[in-house]
Amino acid sequence: MRRPLVGLVAGSLLVAATACGSSGGSTDKDTSSGTTTTVKVGMIPIVDVAPVYLGQQKGIYAEHGLKLSMTTAQGGAAIVPGVVSGQFQFGFSNMTSLMIAQSQHVPVRAIANGVASTGVPGKDFGAIVVARDSPIESAGDLVGKKVAVNTLKNINETAVRESVRTAGGDPDRVNFVELAFDQMPAALDGGRIDAAMVVEPALATVLGDGGRQIASAMVDVAKNLTVAMYFTSVPYAQQHPDVVRKFQQATAESLAYADAHPDEVRQTVTTYTEIPAAVLAKVTLPKWPARPNRASIEALEQLGARDGLFKTAPDLDKLLP
């Protein structure tokens with residue numbers, strides 16, 4: 001049941017890149033009102049992006065002359081084409097999606113850190129989970145089982161595969177299926193899947209229903225893994241360096257504020273998700289460091305290459321700030 005989405009995603013990325021290249025600056029959708037520039041940002045409705053929502057609420061972006069218009073998508077693979085085509089000026093994406101795009105010569109550039117693993121097994125914001133009565137005890141037991149990830153052939157599949165390898169199993173014998181994060185708890189509870197790679201707030205929902213963690217997959221990839229970053233298109237960065245700089249500065253301030261105010265982060269999450277207050281209190285927050293951890297990204301790249309995600313090696317010097 002594993003669907004070959006890489007080709008489909010690649011096609012959409014290349015079409016988007018062509019459209020961007022042929023239209024010059026016409027895809028730039030910035031609008032200005034006085035000294036404030038409105039920019040559209042592609043986001044995923046998960047805890048990871050809370051600092052940007054919080055920064056908007058606290059006026060941090062306004063202080064830098066920016067107003068953010070947020071649109072949500074299921075994953076980074078869907079946001080990349082939107083940024084490249086000019087639908088969004090900035091986007092949030094996991095590092096694997098960005099590396100896949102860059103390796104296929106799609107003009108993307110990471111510009112600000114996004115989110116990182118806590119690096120603590122059993123206390124990370126993402127985990128492989130099973131139902132309370134599941135016989136599965138470790139990632140090695142996932143061989144032959146149906147495991148949900150939010151996007152096939154992407155970062156979470158790579159992470160699960162590494163957890164399976166670490167536990168002595170064969171990841172090629174795991175049956176991966178694609179499912180949105182917010183649909184995973186019900187699918188797990190209903191027995192439609194055997195396990196799921198979830199992130200907060202879905203992780204807290206599963207644990208609140210009695211589910212169990214069997215592996216901290218992001219920690220298995222690399223200690224303190226840089227999971228995702230905010231990015232833009234290369235043409236937009238070249239044409240609007242001032243807007244990009246403002247976004248970088250405001251995002252850095254928002255990340256620092258979020259790290260120092262966890263209670264406000266939890267409250268902010270209620271503004272763009274439907275997570276119940278009782279569950280929200282149990283959410284494990286990720287880390288929001290100021291800078292990406294390049295060594296961890298290199299480890300993720302090596303695993304992605306092993307899993308056959310890249311036709312050519314991504315150029316991290318061009319991708320990363």
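In what follows, residues are counted from 1 in the order of the sequence shown.
- Formation of a donor-acceptor pair under 3.5 Å by the Ser216 side chain with backbone atoms of Gly122 is found in this model.
- Counting heavy atoms from C-beta outward, Val108 and Val234 have side chains that stay 4.5 Å or more apart.
- The side-chain heavy atoms of Asn154 and Val149, taken from C-beta on, include no pair separated by under 4.5 Å.
- A donor atom on one side chain and an acceptor atom on the other are found under 3.5 Å apart for Ser163 and Asp220.
- Looking only at distances, no side-chain donor or acceptor of Arg109 sits under 3.5 Å from a matching main-chain atom of Pro321.
- Separation of atoms CG (Leu98) and CG (Leu320) is listed at 9.0 Å; rounding is to 0.5 Å.
- Linking ILVMFWY residues whenever their side-chain heavy atoms come closer than 4.5 Å, directly or via other members, places Leu207 and Ile193 in the same cluster.
- No chain of hydrophobic side-chain contacts below 4.5 Å, direct or via other Ile, Leu, Val, Met, Phe, Trp or Tyr residues, connects Val219 to Leu142.
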* To do: Apply the test side-chain contact (heavy atoms from CB on, under 4.5 Å) to residues Leu303 and Val221: give CA-CA distance (whole Å), side-chain angles for both, the deciding distance (0.1 Å), then the verdict.
  => CA-CA 8 Å; Leu303 291 176; Val221 170; 3.9 Å; yes
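- Closest heavy-atom contact between Thr226 and Ser296: N-OG, 3.0 Å.
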Side-chain donor-acceptor pairs of residues 49-58 under 3.5 Å, sequence neighbours excluded:
| from | atom 1 | to | atom 2 | distance (Å) |
| --- | --- | --- | --- | --- |
| Gln56 | OE1 | Leu68 | N | 3.2 |
| Gln56 | NE2 | Leu68 | O | 2.7 |
| Gln57 | OE1 | Thr268 | OG1 | 3.3 |
| Lys58 | NZ | Glu264 | OE1 | 3.1 |

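- In this structure, Phe90 and Phe247 have parallel ring planes: the angle between them is below the 30° cut-off, well short of the 60° mark.
- Residue Ile214 holds its CD1 atom at 7.5 Å from CZ of Arg212, rounded to the nearest 0.5 Å.
- Val160 and Leu203 end up in the same hydrophobic cluster when Ile, Leu, Val, Met, Phe, Trp and Tyr side chains are linked at under 4.5 Å.
- Side-chain atoms of Met70 and Lys40, non-hydrogen and from C-beta on, never get closer than 4.5 Å to each other.
- When all heavy atoms of Ala237 and Val244 are compared, the pair lying nearest together is CA-CG2, 3.8 Å.
- A salt bridge links Asp307 with Arg165; the closest basic N to acidic carboxylate O contact falls under 4.0 Å.
- Between Leu319 and Met99 the shortest side-chain heavy-atom distance falls below 4.5 Å.
- Scanning all heavy atoms of the two residues, the minimum distance from Pro201 to Val279 falls at O-CG1, 4.3 Å.
- Between Lys318 atom NZ and Gln102 atom CD the span is 7.0 Å, to the nearest 0.5 Å.
- Atom OG1 of Thr118 and atom CG of Leu225 lie 10.5 Å apart (nearest 0.5 Å).
- The local environment of CD in Gln267 is sparse, with at most 12 non-hydrogen atoms from other residues, nucleotides or ligands closer than 6.0 Å.
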* To do: Let me see the working for Asn150 and Asn156 under side chain to side chain donor-acceptor pair (under 3.5 Å), right down to the final yes or no.
  => CA-CA 7 Å; Asn150 71 315; Asn156 284 313; 2.9 Å; yes
* Asked: Between Gln89 and Val83, is a side-chain contact (heavy atoms from CB on, under 4.5 Å) present by the stated rule, with each step listed?
  -> CA-CA 6 Å; Gln89 281 70 61; Val83 170; over 6 Å; no
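- Contact detail for Ala258 and Trp288: the closest heavy-atom pair is CB-CE3, 3.9 Å.
- Nearest heavy-atom pair, Thr251 versus Asn113, reported as atom, atom and distance to 0.1 Å: CG2-O, 4.1 Å.
- Val283 and Ala204 make their closest contact through CG2-CB, 3.8 Å (heavy atoms, listed as atom of the first residue, atom of the second, distance).
- Using a 4.5 Å cut-off on side-chain heavy atoms (C-beta onward), Asn224 and Ser117 make no contact.
- No side-chain donor-acceptor contact under 3.5 Å links Thr273 to the backbone of Thr270.
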* Asked: When you look at Asn293 and Lys223, which way does the side-chain contact (heavy atoms from CB on, under 4.5 Å) test go after all the steps?
  -> CA-CA 10 Å; Asn293 179 344; Lys223 185 173 178 60; over 6 Å; no
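- A donor-acceptor pair under 3.5 Å is absent between the side-chain atoms of Gln183 and the main chain of Leu179, judged by distance alone.
- Using a cutoff of 4.0 Å between basic side-chain nitrogens and carboxylate oxygens, Arg294 and Asp317 are scored as salt-bridged.
- Placement of Leu300 and Phe92 within a single hydrophobic cluster is found when ILVMFWY residues are connected by side-chain heavy-atom separations under 4.5 Å, directly or transitively.
- For the atom pair CG (Leu188) and OG (Ser134), the distance works out to 8.0 Å, reported to the nearest 0.5 Å.
- Between the Ser97 side chain and the Ser93 main chain, no donor and acceptor come within less than 3.5 Å of each other.
- Taken from CD in Gln238 to OG1 in Thr232, the straight-line distance is 10.5 Å, to the nearest 0.5 Å.
- Looking at Ile44 and Ile79, their side chains come closer than 4.5 Å, going by heavy atoms from C-beta outward.
- Checking side-chain atoms of Asp141 against main-chain N and O of Glu137 turns up a donor-acceptor pair under 3.5 Å.
- Note on Ile136 and Val177: same hydrophobic cluster, where clusters join Ile, Leu, Val, Met, Phe, Trp and Tyr whose side-chain heavy atoms are under 4.5 Å apart, directly or indirectly.
- Between Val227 and Met218, some side-chain heavy-atom pair lies under the 4.5 Å cut-off.
- At a threshold of 4.5 Å between non-hydrogen side-chain atoms, the residues Leu280 and Lys282 do not count as touching.
- A distance-only check finds a donor-acceptor pair linking the side chain of Glu200 to the backbone of Thr284 [under 3.5 Å].
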* Asked: Taking it one step at a time, do Lys287 and Val115 satisfy side-chain contact (heavy atoms from CB on, under 4.5 Å)?
  -> CA-CA 6 Å; Lys287 294 296 183 181; Val115 68; over 6 Å; no
